[in-house]
Amino acid sequence: MAKLTRDDVLHLAQLARISLSDDEVDEFSEELSAILQYVEQLSNVDVSGLQLTNQVTGLTNVMREDVVKDYGYAPQELLKNVPKTKDSQLRVKRMIG
Amino acid sequence: MTVWDPIADIAAKVRQGELKAVDLVEKSLASITKAEEYKAIIATTAERARKRAQQVDAGDNQGRLAGVPFIAKDNFLVFGAETTAASNILKGFDAPYQSTVINRLEAEGAICVAKANLDAFAHGASTENSDFFTTLNSHDKTRVPGGSSGGSATSVALELAPFALGTDTGGSTRQPASFTGVVGYKPTYGLMSRSGIVAMGSSLDTVGTFARTVEDAELVIDVMAGTDELDSTTIERDPAGYITDPTDLKGKRIGLIREYMGEGLADNVREQIEQAVAKLREAGAEIIDVSLPSLPLALAVYYILCPAEVSSNLSRYDGQRYGFSCSDAKDLSESYTRTREIGFGKEAKRRIMIGTYVLSSGYYDAYYKKAQTVRTKLINEAAEAFKQVDFLVGPVTPTVAFKIGENASNPLAMYLADVMTVAVNLIGVPGISIPCGVSGGLPVGLQLIAPQRADRELLAIAVAAERVLT
């Protein structure tokens with residue numbers, strides 16, 4: 001049975017790129033364990049011979065022509081929500097030391 | 001009291017010049033102001049709506065929805081107001097383009113007047129997970145309107161506009177429709193484009209329609225349905241469209257879902273559902289007891305697949321491209337983690353964490369793949385059931401609208417509110433909630449379900465059912 005420790009929660013938070021407060025780590029360790037315990041009822045279900053489902057309506061590889069289409073948006077319009085820009089590019093914090 | 005005429009009549013009067021779009025928009029905006037205490041609305045698009053109404057009145061008035069005001073859940077990209085998905089992380093987001101379905105409604109003359117409240121990112125069953133405020137149930141202000149599209153449902157229940165849009169990933173349209181006493185429609189997966197809608201669980205997400213009657217919903221659905229090059233999961237519309245011909249219940253085989261009528265169903269809801277089913281039988285429908293033995297597993301499948309897809313879809317909120325961005329981080333990595341810590345609410349974090357867990361190496365097979373395979377089992381059982389019957393029927397929710405705060409401290413209890421709606425999304429079939437009765441002043445909805453792509457047939461029988469139920 002899955003019981004998430006504080007370390008497990010911190011590891012998950014790191015994978016998900018979220019910082020958590022100390023209280024949140026405790027809270028999530030309880031809550032996520034309860035949720036995982038609930039979904040674990042699937043472990044006993046016999047699914048032999050069954051394929052998995054990714055897509056319900058049976059569509060596969062929907063193709064279109066690879067052509068540029070003008071939707072009429074100005075670049076500055078599409079960039080208006082970006083926190084920081086420079087010369088029509090996204091500006092982000094330093095990545096390497 | 002009915003504030004609005006049927007949608008087709010409103011549009012016809014606008015086309016003939018008997019009604020003015022500007023007056024309809026003002027009427028809707030005034031009713032929104034008057035109903036502020038219910039907190040159904042996050043923001044109006046008043047300025048743009050007035051401008052569009054003037055264009056309609058100036059001659060652009062021949063559309064099938066000419067001048068008809070509507071309200072969109074705030075996870076649809078719409079011009080004229082922020083699109084926040086009721087989340088702090090998207091606060092201030094100014095949509096650079098609109099949802100395809102919004103464009104289609106506008107092309108027929110409909111006018112969006114406001115954005116409705118929701119559980120942030122559509123994660124929830126009560127609107128209590130909204131990062132801003134909780135919407136109140138119009139029948140009892142101490143109760144929730146359901147969710148996640150609780151603001152849209154309440155808007156229609158209060159008749160702030162003749163129709164509203166929601167989304168339905170695990171019941172987010174049908175459940176609030178049931179709690180507020182309006183019609184809520186969830187189409188076959190892919191029937192309506194999700195382009196320009198804030199993504200939640202992409203293998204489950206659909207566009208929901210709220211209206212006061214099934215006939216009103218049909219017209220809106222008919223305008224929105226069909227393929228879209230911007231959403232490659234969309235499917236062809238029914239060549240006959242979604243405005244249905246009068247249908248008789250006589251001879252229709254309707255399966256009453258045994259698993260939904262058992263333990264866990266509140267007595268007052270059971271009573272209403274049994275009475276409604278009896279009325280369908282009296283009107284000539286053949287009611288057949290049907291079992292889908294794996295249905296009790298659907299919620300567990302859903303709460304693996306949905307958070308998995310949520311964790312993937314919400315990875316884009318990193319503070320670099322749009323939305324809230326933590327400005328005092330020392331490097332890029334800290335900018336991500338702090339932005340997401342501050343910007344996401346509790347439930348979004350919870351789902352991201354669950355999703356990350358079930359997708360992580362070592363757990364992927366046991367959780368994610370297993371859930372996808374049980375999903376197949378559900379699909380197969382539904383296919384078997386639809387060999388015996390034309391439609392399925394049952395409750396939408398196990399209880400009437402619950403009290404604000406009742407489930408707030410227990411996420412698992414809140415998830416159980418979806419127990420009778422998630423299977424429809426997992427199977428990809430259409431489902432509708434129609435009002436079927438009132439218990440202690442609180443509405444109860446009846447859920448009708450049809451096979452994939454039988455949306456037209458489902459709407460037709462829903463019109464017939466609505467007639468005998470009201």
Side-chain angles (χ1 to χ4, degrees), chain A residues 2 4 8-9 11-21 24 27-28 31-32 34-43 45-48 50-59 61-64 69 71-74 76-84 90-97, chain B residues 92-94 96-97 188-190 203 229 232-233 235 294 297 300-301 303-304 311 315 318-323 325 327 329-338 340-341 344 349-350 352-354 356-357 360 366-367 369-377 379-380 411-412 415 426-428 452:
Chain A
L4 297 184
D8 293 334
V9 172
H11 175 62
L12 281 178
Q14 207 267 324
L15 288 175
R17 301 288 185 271
I18 297 180
S19 305
L20 296 178
S21 69
E24 280 181 318
E27 220 174 297
F28 280 141
E31 287 172 2
L32 302 189
I35 294 164
L36 289 171
Q37 206 177 318
Y38 177 80
V39 302
E40 268 171 20
Q41 58 180 291
L42 297 187
S43 63
V45 180
D46 178 18
V47 290
S48 46
L50 292 176
Q51 300 290 311
L52 49 84
T53 296
N54 283 305
Q55 214 286 348
V56 286
T57 51
L59 294 178
N61 299 335
V62 178
M63 309 296 263
R64 60 168 174 76
K69 205 170 160 183
Y71 282 87
Y73 300 122
Q76 56 269 36
E77 178 68 9
L78 295 171
L79 285 165
K80 68 185 174 184
N81 290 293
V82 181
K84 272 189 181 159
L90 278 67
R91 185 170 181 159
V92 300
K93 297 255 180 207
R94 173 195 295 266
M95 259 185 257
I96 303 162
Chain B
F93 183 80
D94 184 12
Y97 61 96
T188 297
Y189 179 80
S203 83
E229 63 180 2
S232 61
T233 64
I235 57 173
S294 298
L297 302 170
V301 174
Y303 276 102
I304 292 172
S311 73
S315 65
D318 59 9
Q320 311 307 312
R321 289 164 292 179
Y322 43 76
S325 182
S327 55
K330 66 176 188 305
D331 57 19
L332 185 63
S333 172
E334 193 182 285
S335 169
Y336 294 154
T337 58
R338 295 275 296 143
R340 289 160 69 78
E341 176 189 9
F344 283 133
K349 286 179 186 167
R350 203 176 276 134
I352 291 169
M353 301 279 282
I354 291 280
T356 304
Y357 181 82
S360 62
Y367 289 95
K369 275 175 90 170
K370 186 65 183 264
Q372 285 185 305
T373 318
V374 181
R375 185 177 192 176
T376 307
K377 205 175 168 84
I379 291 168
N380 292 349
L412 198 53
Y415 293 175
L426 291 168
I427 299 165
Q452 272 188 19

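What's counted below: heavy atoms across the whole structure, side chains too, no hydrogens, waters or symmetry copies. Naming convention: chains lettered A, B, ... in sequence-line order (proteins, then strands); numbering from 1 in each chain.
- Contact tally against chain B (heavy-atom pairs below 4.5 Å) for A/L15, A/L36, A/V62: the top residue is A/L36.
- Aromatic ring centroids of B/Y367 and B/Y357 lie under 6.0 Å apart.
- Ion pairing of B/R350 with A/E31 is present here, as a side-chain N (NZ or NE/NH1/NH2) and a carboxylate O approach within less than 4.0 Å.
- Neither the backbone nor the side chain of B/S311 comes within less than 4.5 Å of any heavy atom of chain A.
- In this structure, A/K93 does not pair ionically with B/E334, as no charged nitrogen and carboxylate oxygen lie closer than 4.0 Å.
- Checked by atom type and distance alone, the side chain of A/R17 pairs as donor or acceptor with a backbone atom of A/Q14 at under 3.5 Å.
- In terms of non-hydrogen atom pairs under 4.5 Å with chain A, the most contact-rich of B/L426, B/V374, B/N380 is B/V374.
- Side-chain contact, A/D46 with A/S48: a donor N or O sits under 3.5 Å from an acceptor N or O.
- For A/L78, the parts lying under 4.5 angstrom from a heavy atom of chain B are both the backbone and the side chain.
- Only the side chain of A/E24 comes within contact range of chain B, with at least one heavy atom under 4.5 Å from a heavy atom of that chain.
- Qualifying salt bridge (charged side-chain N to carboxylate O under 4.0 Å, His left out) partners for A/D8, counting only residues two or more places apart in sequence or in other chains: none.
- For chain B, no part of A/L79 is nearby; none of its heavy atoms comes within less than 4.5 Å.
- Contact of B/S327 with chain A is made through the backbone alone, with heavy-atom distances under 4.5 Å.
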Check your understanding: Where do B/S335 and B/Q320 land on the side chain to side chain donor-acceptor pair (under 3.5 Å) test, with the steps shown first?
Key -> CA-CA 8 Å; B/S335 169; B/Q320 311 307 312; 2.9 Å; yes
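- In this structure, chain A has heavy atoms under 4.5 Å from both the backbone and the side chain of B/Y97.
- In this structure, the portions of A/L20 lying under 4.5 Å from any heavy atom of chain B include both its backbone and its side chain.
- For the set B/K330, B/K349, B/R338, the count of heavy-atom pairs under 4.5 angstrom toward chain A peaks at B/K349.
- In this model, a donor atom of one side chain and an acceptor atom of the other lie less than 3.5 Å apart for A/T57 and A/Q55.
- Both the backbone and the side chain of B/L297 come within contact range of chain A, each with at least one heavy atom under 4.5 Å from a heavy atom of that chain.
- Residue contact with chain A, scored on non-hydrogen atoms closer than 4.5 Å, is absent for B/S315.
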